[in-house]
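Please read the structure below before turning to the comments.
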Amino acid sequence: MELFALDPEVIDLETRLSTLHGTDRLSVIPALAWHLRQRDCKRALLLVNEAEELLTQVAWNEGRRQACHARLLLVLGEVAWLFAQLDAGEQYAEAAVENFAQLGDRVGCGDGQILRAALCTERGDSTGRDACLNQAQDDFRAAGDSTRLQIIRAMQLSHASWRDAPGTAARLQQQFDPDQPLPASAQAWVSSASALVATFTGELGQAIKHFLQAHHCALESGQIRHAIFSVSNAADNFASLGDLDAALEWDELALAQAQTSGWPGTLGSAQMQTGNVLRLLGRLPEAHAILNEALESMRELQGASRYSLALQYQGDVALDMGEPAAALDCFLHAETIAASLGELFYLLRCWRGQASALGRLGEPEQALSKISSALLRARELGSGDEQIKVLRVFAELYQQHALPAPEGQRAPSASLHFLLQALQIANGIKGYILPSDLLDEVANAYAAAGDAAQARNYGQAAAAARDNKRLDDARNRAMAMQVRQESALARAEAEYHHRLAQAESQRAAQLQEASATLETLGRVGREITGSLNTDAVFAALYRHLGQLLDTTSFFVYLLEPGGHALKAAFINEARHHFPSPLISLHDPQSLTARCARERCELFYPMAARNNPPEHLMGPLETQSMMFSPLLIGDRLLGVMAVQAVDSHAYGEREQSIFRTLAAYAAIALDNAGAYAAAETARQQANAALEALNEARAKLADRAEWLAEEVRKATNQIVQRERETVIRLSKAAEYRDPETGAHILRMAHYSELIARALGLPVADQELLLEAAPMHDIGKVGITDSILLKPGRLTPEEFEVMKLHASYGYEILKDSSSLVLQAGAAIALGHHEKYDGTGYPQGLKGEAIPIFSRIVAVADVFDALTSERPYKKAWTLEAAAAHIQAHAGSHFDPDCVRVFFERWDEVLDIRQRFQDED
């Protein structure tokens, strides 16, 4: 099971799950729940509950059951982590790792260590986090999982970049070749590490590009939390470039995604970053409000570093708003958290903020103590930028308060002493641009000391710096605009792929719906065509039509003897039955009569039934209508129709369903008629037998005459059965482009092969009668596939293959030997001698002999017959094909005897020619 899956893979899992039932769903649920753990937490939890229930029922060995349970524990643990339930998350993670360890599953152990590392990060335990990631790396290396190794190494580099950006940059180049494509799951972390390195080294434009790539890859691979943090960091870099509008735009995107997730830590971070940008925009009340929301969102994470950072941002806002006491409280609270985490950089920021607040509160000695500690820490970290900021706070304190002269002061004033140190450090930083306000402060300090010349020099330098800053701001804005455009293109591309994924999801849903409809139609067809009573046929049709279509009205009219009128056999509107007179076949107003006369389907998407004809007595005005003739070959049985009160109730899908049900109805009604006739013949035969028995008692000398009468009656029953077979075969013939002559030829070819193989005469005759039903299952195949003029797609061919099983299901339960033989032939005539056929993949003599015989006869006649979609093969080419596939497709004995009687084959072909 992959650590992260792409969206199409998740869609495929959803589609597969929808086709499974009972404990079979366990083959998909664990993987789907795992890959939905961040995409849809609620659904993932529901799937976990279902899987745990199914685990109590499935007949798995204990090891497999334990592995599935451990994976479900990881899903629960990750959801708990996302919702800041850290203790529960830790318990789930430990239990999962323990289970995986017992099974020797190093991949599962490594996945558990990643979750534990995330929990450590949330608690601010960087040492514990690194230990867990190192253990995960060892597990994945031992398991030989290269993709997981790439992901874990990229995660480690992402965390390392905070401590050592240059070193991390070198390791990124060593471990990841930029020209070698990576899986999206790993690329998300590589891009994130690259973005952080670029941020810390001042390449802000590049940082934004990497963060946006990380966002896209993380979304694509289901790492939603990482995606939100990436886009939030991109916004932070836009702010550093001075494009605060873009920063706010991306922050709002991150905030929207975080609000959708509902995860406290993620939401709080997004709110915090948005608040900082609002502060930079000077919108201080709004910044203060959203930072309060951030702290409230993260109230369960008060030991995390990001909670400390939110407090620092709130302190900055308070200073800007002239509330130093409130600022001091924020920085003191933030210091407590940073100290417990050992976050040196955050401690430095806290002390600097405290010094500014204390100075404004009239506590210069305490302020001096804090800023002195901050300066020592800034020097330890080697951060020139922070040293400059700290020294300027020193200058501010000495300017505002009377404090003892600093040690080593040579400048005219203490403020100037610290400002000159700041200038010296700034001049030593490569590429550092002196801020104009720092130069202004130096100029003012010289002026206060009475050095007009130096004040003028630094004033001019400040003016030049402002000019340079305007140029730099312009460059930054240009860079920001470029990055913005590129990011907009990236967003557009991401949106395109997202829509593509949605389209794929919709296509999968449509395929699933089509598959379910086909399955339903097959089941309905078997039920309807298996009914030998017309009332049962009507009841089944009405019930299933109501399930598949919007059916306000449903009626069936059957052709009267003589063919001049239609008589209502079934009328139902809104569950009420209405009487109806006969309809003349020549009635110019009746749509039913028109359908019968023209023998064509009629569809009316919007045809209001105002002033309905007399044969529809219901009160409802139906608008959508469908009429279909009930045909067996060219023989008209009647008309079937459905109607709905809504307009446009029937589209292409509904028309196809109705067309199929009408075909089933025709077959079923014809079968019922044939059965009724057979039943009448049986009753007549019984009556004749009774009469014969009476006559035998009275007239013993007429025994021979009576026996002859019995034989006649029996022959009538047999003839009825044969008529039923012929009608079933014609039903399939009606939906398939094959001709009646094809059925006769292949039946006689089959009888010829059976005779040549030495099968009993009874079997030869049985095969002759049953072979025509080999393709009866095609009544269950939709016209769009069955009548397609070109080559079928693989998906369409899979549907076409179902006709073998459909034919078997239609015929299998009959007590007739002929129908039973037809069922076996329908099921097996597409099996191949080498076992590569369908639907069962039978091999050699495991294939019933009748099916092996029909396979040769059917393929030979199909090859040598012309169809709308192909030319007929020559006899020589067809013979060569059959002989070439003896032993692979065909039974070699069947092929051999077929060509030993070639003259008879040609005679059959001549006797049963296709009509022009």
How close do [X] and [Y] get, heavy atom to heavy atom, and via which atoms?
{"X": "Gly22", "Y": "Leu54", "result": "O-CD1, 3.7 Å"}
{"X": "Leu661", "Y": "Leu541", "result": "O-CD2, 4.1 Å"}
{"X": "His774", "Y": "Asp858", "result": "NE2-OD1, 3.3 Å"}

What do you reckon, are the aromatic ring centroids of Tyr557 and Phe555 less than 6.0 Å apart? yes
State, with a plain yes or no, whether a side-chain heavy atom of [X] is found less than 4.5 Å away from one of [Y].
{"X": "Ser624", "Y": "Gln643", "result": "no"}
{"X": "Glu9", "Y": "His35", "result": "no"}
{"X": "Leu637", "Y": "Leu559", "result": "no"}
{"X": "Met625", "Y": "Leu602", "result": "no"}

If I take atom [atom1] from residue [X] and atom [atom2] from residue [Y], how far apart are they, to the nearest 0.5 angstrom?
{"X": "Leu17", "Y": "Asp12", "atom1": "CG", "atom2": "CG", "value": "11.0 Å"}
{"X": "Leu47", "Y": "Arg37", "atom1": "CG", "atom2": "CZ", "value": "13.5 Å"}
{"X": "Leu32", "Y": "Glu50", "atom1": "CG", "atom2": "CD", "value": "10.0 Å"}

Give a yes or no on whether the backbone of [Y] and the side-chain of [X] come within a donor-acceptor separation of less than 3.5 Å.
{"X": "Glu831", "Y": "Gly841", "value": "yes"}
{"X": "Ser750", "Y": "Phe850", "value": "no"}
{"X": "Thr15", "Y": "Ile11", "value": "yes"}
{"X": "Glu560", "Y": "Leu566", "value": "no"}

The ring-ring contact (aromatic ring centres under 6.0 Å, His included) partners of Phe538 (sequence neighbours excluded) come to Phe570
By ring-ring contact (aromatic ring centres under 6.0 Å, His included), His803 pairs with (sequence neighbours left out) His829, His830
The side chain to side chain contact (heavy atoms under 4.5 Å, CB included) partners of Glu53 (sequence neighbours excluded) come to Thr56, Gln57
>> Would you say Arg16 and Ser27 are linked by a side-chain donor-acceptor pair, where the criterion is simply a distance under 3.5 Å?
In response: no
Under a 4.0 Å N-O cut-off, is there an ion pair linking Arg594 with Asp587? no
request  = State whether Arg39 and Asp7 are salt-bridged, where the test is any N-O pair (Lys NZ or Arg NE/NH1/NH2 against Asp/Glu carboxylate O) under 4.0 Å.
outcome  = yes
**Request:** Go through the steps to decide whether Thr782 and Arg659 satisfy the test side chain to side chain donor-acceptor pair (under 3.5 Å), and finish with yes or no.
**Result:** CA-CA 9 Å; Thr782 181; Arg659 184 181 298 116; over 6 Å; no
- Message: Taking atom OH as the centre, does Tyr808 end up with more than 12 heavy-atom neighbours from other residues, nucleotides or ligands that are less than 6.0 angstrom away?
- Response: no
List the steps and the verdict of salt bridge (charged side-chain N to carboxylate O under 4.0 Å, His left out) for Asp783 and Lys788. CA-CA 7 Å; Asp783 288 349; Lys788 183 175 179 179; over 6 Å; no
